[in-house]
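Notes to accompany the following structure.
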Amino acid sequence: MKNLYRTLFSLLLTALVFTPFISHAQIDSVVVTGRIRHLSARLYRESPTVLVSRNNILQASRELVRPAPLNVDGTFRVSLPLIYPLEEMYFNYGRISTAFLAAPGTLSIDLDADSLFTAAVPFRFGGVNAQVNGQFARYKAFEATYPNKPDGQKLTGLISNQTSSKAYDVLLSAYRAPFDKFTTKEKVFPLLARWVMANNRYNSAAFLYDKAVYENEKIPVTLTDSLRPANDNILTAARASAMNRFAVYATTQASTQASNTRSNGLTVRALSILLERYGKNLTADEHIRLSDYALSNTARASDLKFFDGLVKRSPDTLQRLVNYEMLIQRSIRQFDSVAVNYVAAYWLATSLPGLTLNFAQLLYSYGRPQVKGPALAQSLDELYRLEVKDSTRIRAAIQTLKKAGNSASALEISSGVFVTKSTLGSGSALFDQVIKANRGKVIYLLFFSPSDDAGRQAALDAQRLRNAYSSRDFSLIYLPLPGTDQSLWPEIATRYNLTGDHLLVTDSQLIDAVDQLRSNSELSATVINRTGKIVKRNAPLPSAFEEAKKLLDKNL
């Protein structure tokens, strides 16, 4: 039994609290200033705020936005942190937007309201990287008119049945074609060439990783320098997206390896350390036994029942930690240390949004010491801070819910977040209670899983529907699947200000609560009219905003 699990002891020695990691990070910043000249009262009323956003390399789907209110003379000022020496950022005002390359210092962006919607390049840059940013804006205007821009469907056909190396060459050639043409019209600055070519490279890499995952292919190591260049000091949206795709690819490869090998788990020592550190309600005898197993790193077949019993006491915590360690160990066998480091940080970052505060803190404090390199560490710290920044308000909401005991009827645990639950009644009675309380309104009910990324995103998207109607005419009801941690959804709903009615049911109440919905999947929507009658099962999901709104409008 000595090789019962793969060796991970060196990865399991340290589990520190989260505070020291965040407090010691040194992050530069860029100050973005500017002015919208000839700003009219009408334009100001329509768009009184400028938005400046940046990326995080661990979460490409999430732009980190800083609003900058306009002063009466059209001026604005906002400061943003910088983790990388050069970062691609985005300026948005109403329907006008542009990317720019930021570095430590001050950067200015000026516009003229009179030509916002008529000039091909309405921006004038000053300060840091001014000439490069101005030329990039001209390049993007040129690219918009380029007749043969890369097309996903066409590219898929071009690289079909090609080797990874050949496919990469074809992709890169297609992505760089507009820029090659632009360079015949203007002499480009070296930094602009680095910036644009990096984006072309990463767009090609993302496409290739998607292809490899879909076709279950392995990309040769010889392409590593092209797909993930070492010591790249520019962070762009394309890079973040490509690295996220790489993490998915690496995870897929790790799973494939696991299915093709017999030895697949942790060592007895590693599992013993995890259980002793994170196991629930351990007796003194169990602590002694685990210490002995950790020292000897051996166990008999009859001891497996002992380990299994301890894991079952805290399955969520231990299973996540075991999964994390196994992913790292499998990745070590296939990728270099830089790639493994990224996979470790990415896995932690993507896990945080679906966790309670306590679990997020535990996982972060466990995994953060294993993330090497200041840029990745600071990127993870940044995302963790965003997840726990409202911890006081979230804990107050959970405390309010706990004080209610076994039942609550439209209990407001946070502003606009109303919870209904009862551990004693039937699921159908609870369902009918919430529907009856909202009679006279058109109801959009979302059934979803809080532990699933798609479910959480749908819950966020549903707020756009709610904001489109008056609370006198429309009601949004959330019906989350119950989980092992009953505070998970109330915490998420409070964290993201998901206003509406939240119906919490137990496992035993679930079947008869959703029986009327006849859902085709764990993610579905139902529209109920003003009299409480279901008018559309499996209705358009919140992401199909216009379709969902059209259906709701018919019943108003």
Sequence neighbours excluded, which residues qualify as salt bridge (charged side-chain N to carboxylate O under 4.0 Å, His left out) partners of Lys312? Asp308
Taking atom types as modelled and ignoring hydrogens, do the side chains of Gln370 and Glu325 form a donor-acceptor contact shorter than 3.5 angstrom? yes
Spatial distance of atom CZ (Arg456) from atom OG (Ser451) [nearest 0.5 Å]: 7.5 Å
Does Thr356 form a side chain to side chain donor-acceptor pair (under 3.5 Å) with Asn358? I'd like the steps, not just the answer. CA-CA 6 Å; Thr356 60; Asn358 290 340; 5.7 Å; no
Checking Tyr496 against Asp390 for the side chain to side chain donor-acceptor pair (under 3.5 Å) test, could you report, in this order, the C-alpha distance in whole Å, the side-chain angles of both residues, the deciding distance, and whether it holds? CA-CA 9 Å; Tyr496 296 111; Asp390 293 324; over 6 Å; no
Can you tell which of Tyr278, Trp347, Phe359 makes a ring-ring contact (aromatic ring centres under 6.0 Å, His included) with Tyr366? Tyr278
Phe335/Phe246 under ring-ring contact (aromatic ring centres under 6.0 Å, His included): CA gap, chis, key distance, verdict: CA-CA 11 Å; Phe335 303 103; Phe246 164 70; 5.4 Å; yes
Kindly say whether [Y] contributes a backbone atom to a donor-acceptor pair with the side chain of [X] at under 3.5 angstrom?
X      : Y      : answer
Tyr364 : Leu348 : no
Arg393 : Thr494 : yes
Ser519 : Ser521 : yes
Thr420 : Ala410 : yes

Lys/Arg-Asp/Glu bridge criterion (N-O < 4.0 Å) met for Lys140, Glu88: no
